[in-house]
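Structure first, commentary second.
Side chains are part of it too, since the values below use all heavy atoms of this structure and drop only hydrogens, waters and symmetry mates. Read the numbers this way: they start at 1 and go in the same order the structure lists the ligands and their atoms. We count residues from 1, following the sequence as given.
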Amino acid sequence: MAVAGPGRPHAVGHLGQSLDGRIATANGSSHYVNGSENLDHLHRLRALADAVLVGGGTVALDDPLLTTRRVPGDSPVRVVIDRDRRLPSDRRVFTDRSAPTLVICDTTHAGTKGNGRWPELVGVDGCGDHLPPQAILEALARRSLHAVLVEGGGLTVSRFLRAGRLDRLQLAIAPILIGSGRPSITLPEIAGLSDAMRPQYRTYMMGADILYDCRLTPNGNA
Ligand SMILES: NC(=O)c1ccc[n+]([C@@H]2O[C@H](COP(=O)([O-])OP(=O)(O)OC[C@H]3O[C@@H](n4cnc5c(N)ncnc54)[C@H](OP(=O)(O)O)[C@@H]3O)[C@@H](O)[C@H]2O)c1
């Protein structure tokens, strides 16, 4: 996170997954794929970040607080991607005021009300069925949010990875087999393994989990 600064947003993706590449069961149960050591690490990443970003699926199913309860340090600004503003208003990121919350939505849903609105709506121009990660990071950078933790779920982290907008991807592999459920990284099909991403990485033991800390190049990701 330390390399972030004006003009160069720095994004780190993190997912906790099973040996068979699942981040949750089919009905969205994910508490907890990983052990307490990785949870501490995740909260430390939050404390180092300006913003923690999640997709609407995570807010709908998991109802996370996204604060730094397990470690010292300020909670980051919470950022939720909700393109069409369909999320229910009773989710904790919208009701809990211990940290600010921004909602990234399509410009057409952002409205015109600005200051004082809770949560604050940040409009981004859509591209087909999604909001481009680069435009999301630029919108956050305009609010001085340069170090961004992309905390899930799998669809959201995958979109940032596919767009070449992750500087690091951390995958915490837990020694469990879920067998079905919500996938970790999913990318378009490739013809052969020569097209696979092969990032530089370091590994860290976190209790029973192994954290792969992958360094990605700006566009090639390998
Ligand atoms: N193990 C872990 O590390 C971990 C971490 C976080 C969450 N989880 C679990 O993962 C599950 C949710 O993950 P998920 O992959 O299903 O969903 P998700 O990534 O949380 O949310 C995906 C949704 O967010 C919106 N979205 C994300 N990026 C977007 C973009 N660039 N442009 C427009 N919309 C975008 C889309 O909503 P619309 O389709 O409404 O447009 C998309 O369907 C939950 O069960 C949660 O508990 C696990």
- prompt: For ligand 1, which atoms, with element, lie under 4.0 Å from some heavy atom of Asp62?
  reply: 47 (O)

message: Below 3.5 Å, N or O to N or O, backbone or side chain included: is there any such pair between Pro183 and ligand 1?
response: no

task: Output yes when a side-chain donor or acceptor of Arg22 lies under 3.5 Å from a complementary backbone atom of Gly181, and no otherwise.
output: yes

message: Around atom CG of Leu193, are there more than 12 heavy atoms from other residues, nucleotides or ligands closer than 6.0 Å?
response: no

statement: Among Leu171, Asp129, Leu66, Leu155, the residue with a heavy atom nearest to atom 43 (O) of ligand 1 is Leu155

field: Distance-only side-chain donor-acceptor flag, Ser18 / Asp20, under 3.5 Å
entry: yes

message: My question is simple, although I want it checked carefully: is atom 48 (C) of ligand 1 less than 4.0 angstrom from any protein heavy atom?
response: yes

task: Without swapping roles, check the side chain of Asp50 against the backbone of His146 for a donor-acceptor pair under 3.5 Å.
output: yes

- prompt: Closest non-hydrogen protein atom to atom 12 (C) of ligand 1, residue and atom name please, with distance?
  reply: Thr58 OG1, 3.6 Å

Nearest-neighbour protein heavy atom for atom 26 (N) of ligand 1, which is reported as residue plus atom name and distance: Ile81 CG2, 3.8 Å

message: Which option wins on minimum heavy-atom distance to atom 41 (O) of ligand 1: Arg86, Arg159, His130?
response: Arg86

message: I need the nearest protein heavy-atom contact for atom 10 (O) of ligand 1: residue, atom name and distance, please.
response: Ile23 CD1, 3.2 Å

query: Just by distance, do the side chain of Ser75 and the backbone of Thr68 share a donor-acceptor pair under 3.5 Å?
result: yes

query: Is there any N or O on Ala24 that sits under 3.5 Å from an N or O of ligand 1?
result: no

- prompt: Which of the atoms in ligand 1, numbered in the order shown and given with their element, are less than 4.0 Å from a heavy-atom of Gly28?
  reply: 45 (O), 47 (O)

query: At a non-hydrogen distance cut-off of under 4.0 Å, which region of Leu61 contacts ligand 1 (side chain, backbone, both, or neither)?
result: side chain

message: Under a plain distance cut-off of 3.5 Å, with no hydrogens placed, do Asn34 and Asp209 share a side-chain donor-acceptor pair?
response: yes

- request: Tell me which protein heavy atom sits closest to atom 16 (O) of ligand 1, plus the residue, atom name and distance to 0.1 Å.
  value: Arg182 NH1, 3.1 Å

- request: Give the residue, atom name and distance (to 0.1 Å) of the protein heavy atom nearest atom 1 (N) of ligand 1.
  value: Gly16 O, 2.8 Å

Distance (rounded to the nearest 0.5 Å) between Leu87 CG and Asp63 CG: 10.0 Å

field: 4.0 Å protein heavy-atom contact status of atom 45 (O) of ligand 1, strictly under
entry: yes

- prompt: Any idea which of Thr156, Ile104, Leu53, Asn27 brings a heavy atom closest to atom 22 (C) of ligand 1?
  reply: Thr156

- request: Run down the list His14, Arg162, Glu151, Arg165 and name the one with the heavy atom closest to atom 5 (C) of ligand 1.
  value: Glu151

- request: State, with a plain yes or no, whether a side-chain heavy atom of Val12 is found less than 4.5 Å away from one of Leu48.
  value: no

- prompt: Looking only at protein heavy atoms, which one is nearest to atom 13 (O) of ligand 1, and how far off is it?
  reply: Gly153 CA, 3.5 Å

message: Please list the nearest protein heavy atom to atom 17 (O) of ligand 1 with its residue and the distance rounded to 0.1 Å.
response: Gly57 CA, 3.8 Å

Within-cut-off N or O pair, Leu15 and ligand 1, under 3.5 Å: no

query: Is the shortest distance from atom 7 (C) of ligand 1 to a protein heavy atom below 4.0 Å?
result: yes

- prompt: Going by distance only, is there an N or O of Gln17 that falls short of 3.5 Å from an N or O of ligand 1?
  reply: no

- prompt: Has ligand 1 got any nitrogen or oxygen that is less than 3.5 angstrom from a nitrogen or oxygen of Gly154?
  reply: yes

- prompt: For Arg78, which of Thr101, Leu102, Val54 qualifies under side-chain contact (heavy atoms from CB on, under 4.5 Å)?
  reply: Thr101

CG-CG distance between Asp125 and Asp106, expressed to the nearest 0.5 angstrom: 7.0 Å

statement: CD1 of Ile23 to CG of Leu15, rounded to nearest 0.5 Å, is 5.5 Å

task: Please check if atom CG in Asp40 has more than 12 non-hydrogen atoms from other residues, nucleotides or ligands closer than 6.0 Å.
output: yes

Modelled atom types, side-chain donor and acceptor of Arg44 and His41, under 3.5 Å: no

query: At what distance, to the nearest 0.5 angstrom, does CZ of Arg168 lie from CG of Leu45?
result: 9.0 Å

- prompt: Nearest protein heavy atom to atom 31 (N) of ligand 1, by residue and atom, and its distance?
  reply: Leu131 O, 2.9 Å

